[in-house]
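For reference, the structure is listed below as structure tokens.
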Amino acid sequence: MKVLLLEDDVALSDIVGEHLKDRGFDVTLAYNGEEALDHLVDEKFDLALLDINTPNMSGLEVLKTIREYKNKTPIIIVTAYQDTKHLKEAFENGGDDYIKKPFDLEELDQRINKICRYFSIEQTDEILINNNIRFIPSDNALHYEDKVVSIAQKESDILKYFCTHNNRIVSSEELLQNIWTYDDMPTDATIRVYIKTLRELLGKEKITTLRGIGYRFEQ
């Protein structure tokens, strides 16, 4: 899935861009509206994320222009404005969805998933763990160079969560809240068993335990 991200805040662009790449997307970054417009005119994208307030040309101007070109690329407008005027203008000019700053990356994921369902866009379901291991969440499988290993559903859920929140500390409580339902809560010991299994499959260095704090997945 090919995604264009228009965001002039370099730090935010890096964070969102890396997150989308971790999901397996082919990401192109643009830091001003003219640059984004050039990409949209010259290339084909499955989705574009356009910040409204950008140099040279606003995200709304980019949206208006590509719709005049009859470009039907699905567009999510990103805005720091809290009023409805800009959102109304975005929808009137062909925007498909919006997300307000500041936003959580999980909310962004849900917005993207919604667009993919509506436009029947196939998302790349492959996460590169390292040069020798590929993770296919939908199959609950790890692909090595010479074999495929199936893993349990919860192990797959944990690994997918780690991959989308890599290189930061994830507590057991966070895993519980995002993976299990209230009626299905496991013990800490059960979580440790899942983590131990993933370590055996991926290599002990991939998941670090910070005693009393949580885990860090290195990718």
Residue pairs passing the side-chain hydrogen bond (donor to acceptor under 3.5 Å, both in side chains) test with at least one member in residues 197-217, sequence neighbours excluded, are Arg199-Thr209
Residue pairs meeting side-chain hydrogen bond (donor to acceptor under 3.5 Å, both in side chains), one or both in residues 90-102, sequence neighbours left out, come to Glu7-Lys101, Asp51-Lys101, Arg67-Asp96, Lys88-Glu92, Asp97-Arg111
Residues passing the ring pair (Phe, Tyr, Trp, His ring centres under 6.0 Å) test with His86, sequence neighbours excluded, are Tyr81
The remaining residues in the hydrophobic cluster of Ile213, counting side-chain heavy-atom contacts under 4.5 Å among Ile, Leu, Val, Met, Phe, Trp and Tyr, are Ile169, Leu210
Those residues at least two apart in sequence (or on a different chain) that pass side chain to side chain contact (heavy atoms under 4.5 Å, CB included) with Thr187 are Ala189, Thr190
Rounding to 0.5 Å, atoms CD1 (Ile136) and OG (Ser150) come to a distance of 11.5 Å
Taking every heavy atom of Tyr31 against every heavy atom of Asp8, the minimum-distance pair comes out as O-CB, 3.3 Å
Heavy atoms of Thr54 and Gly59 approach each other most closely as OG1-N, 3.5 Å
Residues forming a salt bridge (charged side-chain N to carboxylate O under 4.0 Å, His left out) with [X], sequence neighbours excluded:
{"X": "Glu43", "value": "Lys2"}
{"X": "Asp26", "value": "none"}
{"X": "Glu89", "value": "Lys64"}

**Message:** Within the 4.5 Å heavy-atom criterion, are Asn53 and Ser58 side-chain neighbours or not?
**Reply:** no
message: Do Thr28 and Leu5 make a side-chain contact, defined as non-hydrogen atoms from C-beta onward lying under 4.5 Å apart?
response: no
Applying side-chain hydrogen bond (donor to acceptor under 3.5 Å, both in side chains) to Ser13 and not counting sequence neighbours gives none
So ring-ring contact (aromatic ring centres under 6.0 Å, His included) across residues 32-75, not counting sequence neighbours, yields none
Applied to residues 140-161, the ring-ring contact (aromatic ring centres under 6.0 Å, His included) test, sequence neighbours excluded, yields Tyr161-His165
Salt bridge (Lys or Arg N to Asp or Glu O under 4.0 Å) pairs touching residues 185-196, sequence neighbours excluded, are none
